[in-house]
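Contents: one structure, followed by commentary.
Residue numbers count from 1 along this sequence.
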Amino acid sequence: MRVTELPETIPVFPLPGALLLPRARLPLHIFEPRYLAMMEDVMKTPARLIGMVQPYDAPEKPGQLHSIGCAGRLTGFSETEDGRYMVTLSGVSRFRIAEQREGFTPYLRCDVAWDDFTRDQGPAEHDPGFERAPFLALLSRFFEDQGLKTDWESLGEAEDELLINSLSMLCPFEPEDKQALLEAPSLQTRRETLVTLIEYALRGGAYDEVMQ
């Protein structure tokens, strides 16, 4: 789907700490009635897009959303016996919120602009300055510190973008840190931000979420 084919208005799912990046996949468990309605409406559209956006985590900004999110195409869907949905979004492109639409649906809809993120729909990015061995050594210390486990063989073999983006999505960082990873203008910048966050955590920064 090209930028010119992307819709000007999309449904938006505000979810703190949930990060979706282009060409990555995000599993979601949907159970709130308004988002069940959103899924049913999305499945009737040609693009099947949902915008993942983080709300601000600040008392002075109640209900406000970050201006940049990432849209995913609904590519996996199953319904449980009690009416919940298990879905998978495949990241298509980041977007910038222009305006929130009012009324008509129980969920949020926003007018969005895609122009700033044309690279998102190109080929996978590479990080020429990426030194994998020291990065994985740092990551090993972080995982041990957080009590996390992973398949190190798969990590060692993963392409640059898949490795960096998957870790950005899965590591237990605060929502504002996830937003910084989302807004990184390049894969290299995202990797540098990721390293900074890991080093901060190892120096005593507290992340209380649990990696799934």
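Within 6.0 Å of atom CZ in Arg141, 12 or fewer heavy atoms from other residues, nucleotides or ligands are found, so the atom counts as exposed in its surroundings. Residue-environment remark: CD (Glu183) exceeds the threshold of 12 foreign heavy atoms within 6.0 Å. With a 6.0 Å radius and a threshold of 12 heavy atoms from other residues, nucleotides or ligands, Glu159 has its CD atom at or below the threshold.
Minimum interatomic distance between Pro175 and Gln54 (heavy atoms only, all atoms of both residues): O-NE2, 2.6 Å. Nearest heavy atom pair, residue Val92 against residue Pro22, reads O-CB, 4.2 Å. In terms of heavy-atom proximity, Gln146 sits nearest to Pro172 at OE1-CG, 3.9 Å. In this structure, Lys178 and Gly17 approach most closely via the heavy-atom pair CE-O, 3.6 Å. For the residue pair Leu20 and Leu89, the shortest heavy atom distance occurs at CD1-O, 4.0 Å. Between Val42 and Leu49, the shortest heavy-atom distance links the atoms CG2-O, 3.9 Å.
A donor-acceptor contact under 3.5 angstrom links the side chains of Tyr107 and Asp41, judged on distance only. With 3.5 Å as the limit, one finds a donor-acceptor pair spanning the side chains of Glu176 and His66.
Sorted by first and then second residue, the ring pair (Phe, Tyr, Trp, His ring centres under 6.0 Å) pairs with a member in residues 78-101 read Phe77-Tyr85, Phe95-Trp114; sequence neighbours excluded.
Note on Met86: it does not cluster hydrophobically with Met43, by side-chain heavy-atom contacts below 4.5 Å among ILVMFWY residues. When hydrophobic clusters are built by joining Ile, Leu, Val, Met, Phe, Trp and Tyr residues whose side-chain heavy atoms come closer than 4.5 Å, directly or via intermediates, Leu162 is not grouped with Leu167. Cluster membership check: Phe31 does not share its hydrophobic cluster with Leu74, using side-chain heavy-atom separations under 4.5 Å among Ile, Leu, Val, Met, Phe, Trp and Tyr. A continuous path of ILVMFWY side-chain contacts below 4.5 Å connects Phe173 to Leu15, so both sit in one hydrophobic cluster.
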Using the rule given for side-chain contact (heavy atoms from CB on, under 4.5 Å), can you reason through Glu199 versus Val195, listing the C-alpha separation, both sets of side-chain angles and the distance that settles it, and then say yes or no?
CA-CA 6 Å; Glu199 289 176 339; Val195 167; 3.6 Å; yes
Quick one: do Leu139 and Leu155 satisfy side-chain contact (heavy atoms from CB on, under 4.5 Å)? Show the steps, please.
CA-CA 10 Å; Leu139 188 66; Leu155 285 185; 3.8 Å; yes
Mind running side-chain contact (heavy atoms from CB on, under 4.5 Å) on Asn165 and Leu19 for me, showing each step along the way?
CA-CA 10 Å; Asn165 285 354; Leu19 176 61; over 6 Å; no
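No side-chain donor-acceptor contact under 3.5 Å links Arg25 to the backbone of Ser90. With hydrogens and angles disregarded, no donor-acceptor distance shorter than 3.5 Å links the side chain of Ser140 to the backbone of Leu136. Side-chain atoms of Arg23 come within 3.5 Å of backbone atoms of Gly122 as a donor-acceptor pair (strictly under, hydrogens ignored). A side-chain donor-acceptor contact under 3.5 Å links Glu161 to the backbone of Glu125. A side-chain donor-acceptor contact under 3.5 Å links Gln179 to the backbone of Ile68. Asp120 contributes a side-chain N or O that, together with a main-chain N or O of Arg94, makes up a donor-acceptor pair within less than 3.5 Å. Between the side chain of Asp160 and the main chain of Asp127, a donor-acceptor pair closer than 3.5 Å is present.
Rounded to the nearest 0.5 angstrom, Leu163 CG and Ser168 OG are separated by 9.0 Å. The distance from the SG atom of Cys171 to the CG atom of Leu194 is 6.0 Å, given to the nearest 0.5 Å. Annotation: the span from Ile198 atom CD1 to Leu138 atom CG amounts to 5.0 Å, rounded to 0.5 Å. With rounding to the nearest 0.5 Å, the separation of OH in Tyr35 from CZ in Phe13 is 5.5 Å. If you take CG on Leu197 and CD on Glu174, they are separated by 10.0 Å, rounding to the nearest 0.5 Å. The OG1 atom of Thr193 sits 11.0 Å away from the CG atom of Leu182 when rounded to the nearest 0.5 Å.
Proximity of Val53 to Leu108: side-chain heavy atoms (C-beta onward) are nowhere separated by under 4.5 Å. Between Met52 and Leu28 the shortest side-chain heavy-atom distance falls below 4.5 Å. Between Ile50 and Met39, some side-chain heavy-atom pair lies under the 4.5 Å cut-off.
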